[in-house]
Amino acid sequence: MLDIQFIRDNPELVEEKSQQKNVKVSIKELLRFDEQRRELLGKAEELRQTRNQQAGATKGQRPTDEQIVSAKKLKDSLTKVEDELSKVETHYLKLLKQVPNVALDNVPVGKTEDDNQVAKTVGEPPVFDFKPKSHAVIAEAKGWLDKERAAKVAGSRFAYVKGDLVKLQFAIIQFIMDKLSDQDFIDEVIAENNLEVSNKPFLPVLPPYMIRTELYDAMDRLEPRDDRYKIDDEDLWLQGSAEHVLGSMHAKEVLDEASLPLRYIGYATSFRREAGTYGKDMEGMFRMHQFDKLEMESLGLAEAGYQEHLFLIAIQEKIMDMLEIPYQLIAKCTADIGKPNAAGVDIDAWMPGQDAYRETHTADYMTDYQARRLQTRVRRADGKLELVHSNDATALPLSRGPIAIIENYQTKDGDVQVPKVLQPYMGGKQTI
RNA sequence: GGAGAGGUGCCCGAGCGGUCGAAGGGAACGGUCUUGAAAACCGUCGUGCCAGCAAUGGUACCGUGGGUUCGAAUCCCACCCUCUCCGCCA
């Protein structure tokens with residue numbers, strides 16, 4: 001949610017920035033309700049003041065009948081004003097919540113994801129002396145993926161993952177957890193990219209996979225609800241990404257300035273209904289209802305927020321470099337970064353089986369937009385309270401990451417070479 | 001799932017219908033004392049919203065949401081959470 005004061009001060013800017021995100025919300029209407037709200041609030045507070053003064057005057061003794069009659073009258077008019085106020089406030093809040101975060105000025109303006117820009121291309125797609133297969137073909141031949149039985153048990157877009165593919169996944173998890181919690185690795189990334197950020201390592205976290213409606217909504221990640229799994233008879237949802245449960249962890253807290261940034265590397269299984277994607281990416285395990293993910297989440301000071309965003313991207317790139325997977329860094333345009341985002345990038349990994357770069361990572365910078373409703377604040381050294389700035393970024397998705405590995409590292413025989421950095425985590429195995 | 005206890009400020013904890021935003025203690029911060037520190041003593045010390053350039057004023061908030069009342073932290077109802085015991089269970 002945006003700061004209403006900011007909207008009052010910059011109505012044209014907010015209107016324009018909302019349009020750039022294809023979000024239709026009338027700022028004029030919002031401000032009209034804001035004005036009404038303040039007027040009614042003033043009236044209500046005046047009436048309450050009178051009530052409080054009268055109650056104070058009769059302290060300790062029963063008021064006279066006359067006093068009670070006039071107090072009842074006062075109460076009636078207060079109730080009226082309060083009812084009206086609550087109606088106006090509900091509508092006001094609904095509109096305010098619809099206003100998207102303001103994109104930073106360096107975010108490309110665009111109408112659809114086609115307007116995203118390739119910021120850079122890293123690594124050369126491998127050249128094969130045979131026709132590269134898709135991960136689905138390789139994995140099926142190896143007995144790594146069983147979607148038929150999964151369909152029997154749970155339906156489409158589920159899979160039993162088996163054998164060496166399971167081991168590969170655990171190797172990746174170990175590798176990333178090791179690196180992100182390692183001081184030398186963090187120092188190296190900062191130095192290589194000339195970043196001015198804290199050099200605090202990440203804390204590994206296994207979060208809950210469910211989240212309450214209230215907090216999901218406050219994160220502004222509940223919508224579109226059609227893509228979320230709701231738990232029957234409970235006020236709970238299955239999280240669609242670890243950042244949903246990591247970012248909400250410190251809701252309603254006041255953090256110490258000295259404790260920031262809080263950096264977490266979470267591992268969680270994420271769930272998506274994939275509503276409206278029927279028939280899309282049905283092969284293999286590219287688009288699943290359930291997939292594991294390693295996700296970074298960071299809460300920090302406002303002035304450090306953008307550098308932190310760049311830092312998380314630098315880590316994403318570093319990991320891809322170490323895994324030696326070719327990729328493109330995509331500067332997402334205003335229409336594609338998402339409602340709570342001030343900035344966002346994707347990484348698309350090269351997938352030889354599809355002869356295309358496909359999305360594997362995303363990095364989101366929310367400024368204080370999420371923190372405002374989550375009420376995650378920091379007590380500054382000078383005693384002031386501020387909202388934190390939040391950042392999240394995929395460290396590596398464990399469906400699409402392994403897909404990229406399988407397809408880029410495939411051999412003529414249908415085997416898959418293990419990336420060097422993962423070999424120590426695979427018992428030294430070089431090929432699977 | 002059953003029985004019980006409880007949710008009050010950064011923390012502990014009192015209040016159980018009337019200036020209560022809330023005693024007391026601790027922590028923190030500022031000061032006095034001290035060569036310095038500790039101790040002691042003095043002082044400061046919640047947040048949101050509304051109005052205001054500001055000082056400040058007003059209002060709301062004692063788990064959440066309703067209700068009773070002239071008046072609710074205090075009474076009633078529902079829900080959420082925590083703890084203890086029993087049952088079940090990886």
Side-chain angles (χ1 to χ4, degrees), chain A residues 1-9 30-97 99 206-219 222 230-237 245 248-260 262 269 299 302 368-388:
Chain A
M1 189 169 78
L2 279 185
D3 180 9
I4 184 64
Q5 192 58 51
F6 179 80
I7 301 176
R8 281 178 204 145
D9 295 342
L30 170 63
L31 290 178
R32 208 159 51 231
F33 274 97
D34 177 43
E35 213 164 292
Q36 266 186 52
R37 177 184 136 257
R38 284 191 282 171
E39 200 184 307
L40 288 166
L41 191 63
K43 273 188 200 165
E45 290 191 349
E46 225 169 273
L47 289 168
R48 284 179 195 145
Q49 185 177 7
T50 312
R51 181 199 61 190
N52 290 347
Q53 281 169 354
Q54 287 180 3
T58 57
K59 158 188 91 141
Q61 54 204 310
R62 261 207 87 72
T64 63
D65 290 350
E66 208 175 302
Q67 282 171 323
I68 290 181
V69 169
S70 92
K72 271 188 175 165
K73 248 187 219 163
L74 186 68
K75 192 191 176 182
D76 283 346
S77 38
L78 178 60
T79 305
K80 242 189 228 166
V81 174
E82 279 175 339
D83 285 351
E84 209 180 330
L85 177 62
S86 119
K87 269 184 217 152
V88 169
E89 217 149 39
T90 304
H91 203 82
Y92 155 82
L93 200 64
K94 193 177 142 203
L95 286 173
L96 181 58
K97 279 158 72 172
V99 181
L206 295 175
Y209 290 6
M210 295 184 199
I211 177 169
R212 294 171 186 281
T213 306
E214 182 204 348
L215 285 179
Y216 217 166
D217 188 45
M219 282 290 288
L222 179 55
K230 174 79 173 63
I231 307 293
D232 262 356
D233 304 324
E234 300 278 347
D235 182 33
L236 290 170
W237 303 76
V245 275
S248 47
M249 189 156 80
H250 293 284
K252 300 170 194 172
E253 286 183 27
V254 175
L255 306 166
D256 262 351
E257 174 166 351
S259 73
L260 300 184
L262 291 172
T269 304
L299 303 175
D368 61 7
Y369 190 89
Q370 281 183 327
R372 182 162 292 108
R373 270 215 278 158
L374 288 169
Q375 290 180 69
T376 307
R377 293 176 296 177
V378 50
R379 173 81 61 190
R380 298 299 301 250
D382 63 7
K384 285 206 181 102
L385 274 179
E386 282 177 12
L387 294 167
V388 301

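Every chain is numbered from 1, with letters handed out A, B, ... down the list of sequences.
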Chemist: Under the 3.5 angstrom rule, does the side chain of A/Ser259 hit a backbone N or O of A/Leu255 as a donor-acceptor pair?
Modeler: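 Pair absent, no side-chain N/O of A/Ser259 close to backbone of A/Leu255.
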Chemist: Go through B/G48, B/C70, B/U59 for me and flag the one nearest to the A/Ala71 side chain.
Modeler: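 Looking only at heavy atoms from C-beta outward on A/Ala71, the closest nucleotide is B/C70.
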Chemist: With a cut-off of less than 4.0 Å, is there a side-chain N or O of A/Asn52 near OP1 or OP2 of B/U59?
Modeler: yes
Chemist: For the pair A/Arg48 and A/Glu82, find out whether any cationic side-chain nitrogen is under 4.0 Å from an anionic carboxylate oxygen.
Modeler: yes
Chemist: Charged N to carboxylate O below 4.0 Å: is that the case for A/Lys73 and A/Asp76?
Modeler: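 Salt bridge: no.
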Chemist: Between B/C70 and B/G15, how many Å separate the two P atoms, rounded to a whole number?
Modeler: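 The same atom, P, in both gives a distance of 28 Å.
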Chemist: Under a 3.5 Å cut-off for both contacts, is B/U84 paired Watson-Crick or G-U wobble with anything, and if yes, with which nucleotide?
Modeler: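 In the structure as shown, B/U84 has B/A3 as its Watson-Crick or wobble partner.
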Chemist: Under 4.0 Å between a side-chain N or O of A/Arg48 and OP1 or OP2 of B/G58?
Modeler: no
Chemist: Taking B/U59 as the reference, what is the distance to B/G1 when you measure between their C1' atoms (whole Å, please)?
Modeler: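 Roughly 45 Å separates the two C1' atoms.
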Chemist: Is any side-chain heavy atom of A/Thr213 closer than 4.5 Å to a side-chain heavy atom of A/Leu222?
Modeler: yes
Chemist: Can you tell whether the side chains of A/Arg8 and A/Asp34 come within less than 4.0 Å, N to carboxylate O?
Modeler: yes
Chemist: So, is A/Arg379 close to the B/A28 phosphate, meaning a side-chain N or O under 4.0 Å from OP1 or OP2?
Modeler: no
Chemist: With rounding to the closest Å, how many angstrom separate the P atoms on B/G43 and B/G9?
Modeler: 25 Å
Chemist: Taking the P atom in each of B/U19 and B/C11, what is the distance between them to the nearest angstrom?
Modeler: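 Going atom to atom, P in each nucleotide, I get 25 Å.
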Chemist: Nearest whole Å is fine: how far is B/G63 C1' from A/Lys252 NZ?
Modeler: 9 Å
Chemist: Is there a Watson-Crick or G-U wobble partner for B/C20 with both distances under 3.5 Å, and if so, which one is it?
Modeler: none
Chemist: Nearest whole Å is fine: how far is B/C10 C1' from A/Leu255 CG?
Modeler: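 Rounding to the nearest Å, CG of A/Leu255 and C1' of B/C10 are 12 Å apart.
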Chemist: Measuring only the P atom in each nucleotide, how far is B/C41 from B/U47? A whole number of Å is fine.
Modeler: 27 Å
Chemist: Using atom C1' of each nucleotide, how far apart are B/C12 and B/A28 to the nearest Å?
Modeler: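 Nearest-Å result for B/C12 against B/A28 at atom C1': 15 Å.
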Chemist: Once you apply a heavy-atom cut-off of 4.0 Å, does A/Leu74 come out as touching a base, just sugar-phosphate, or nothing?
Modeler: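 A/Leu74: no heavy atom of the nucleic acid under 4.0 Å.
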Chemist: P atom, B/C10 versus B/C62: distance in rounded Å?
Modeler: 14 Å
Chemist: Give a yes or no on whether a donor-acceptor pair under 3.5 Å exists between the nucleobase atoms of B/G58, that is its base, and the side chain of A/Gln49.
Modeler: no
Chemist: Now, which nucleotide makes the Watson-Crick or G-U wobble pair with B/A39, with each of the two distances under 3.5 Å?
Modeler: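 The answer is none; no pair meets the criterion.
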Chemist: Whole angstroms only, please: what is the CG-P distance between A/Asp235 and B/G63?
Modeler: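 One finds 20 Å between P of B/G63 and CG of A/Asp235, rounded.
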Chemist: How long is the line joining CG of A/Leu78 and C1' of B/C70, in whole Å?
Modeler: 12 Å
Chemist: Atom CG of A/Leu215 and atom C1' of B/C81: how far apart are they, to the nearest Å?
Modeler: 13 Å
Chemist: Is a salt bridge present between A/Arg212 and A/Asp217, judged by a nitrogen-to-oxygen distance below 4.0 Å?
Modeler: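 Between A/Asp217 and A/Arg212 there is no salt bridge, as every charged N stays at least 4.0 Å from the carboxylate O atoms.
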Chemist: Rounded to the Å, how far apart are A/Arg377 CZ and B/C49 C1'?
Modeler: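 Value for this atom pair: 13 Å.
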Chemist: Could you give the distance separating B/G67 and B/A73 at their P atoms, to the nearest angstrom?
Modeler: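 My reading of the P atoms in B/A73 and B/G67 gives 15 Å.
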Chemist: Classify the nucleic acid contact of A/Lys75 as base, sugar-phosphate or nothing, counting any heavy atom under 4.0 Å across all strands shown.
Modeler: base
Chemist: Check A/Ile7 against A/Leu2 and note the closest heavy-atom contact, atom names and distance.
Modeler: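 Smallest interatomic distance, heavy atoms only, reads CD1-CB, 4.0 Å.
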Chemist: Does the structure show a Watson-Crick or G-U wobble partner for B/G65, both distances under 3.5 Å? Name it, or say none.
Modeler: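 Result: B/C77.
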Chemist: Just to be sure I understand the rule, does A/Arg372 reach a base, reach only the sugar-phosphate, or reach nothing, if contact means heavy atoms closer than 4.0 Å?
Modeler: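 It contacts nothing in the nucleic acid.
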Chemist: Please confirm whether the shortest side-chain N or O distance from A/Arg51 to OP1 or OP2 of B/A72 is below 4.0 Å.
Modeler: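 Checking B/A72 against A/Arg51, no side-chain N or O comes under 4.0 Å of OP1 or OP2.
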Chemist: In Watson-Crick or G-U wobble terms, both distances under 3.5 Å, what is the partner of B/A14?
Modeler: none
Chemist: If you look at every strand shown and take non-hydrogen atoms under 4.0 Å, does A/Arg373 touch a base, only sugar-phosphate, or nothing?
Modeler: nothing
Chemist: Whole-Å distance between B/G66 P and A/Asp83 CG?
Modeler: 11 Å
Chemist: How many Å lie between CD on A/Glu253 and P on B/G9, as a whole number?
Modeler: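 Distance, rounded to whole Å: 14 Å.
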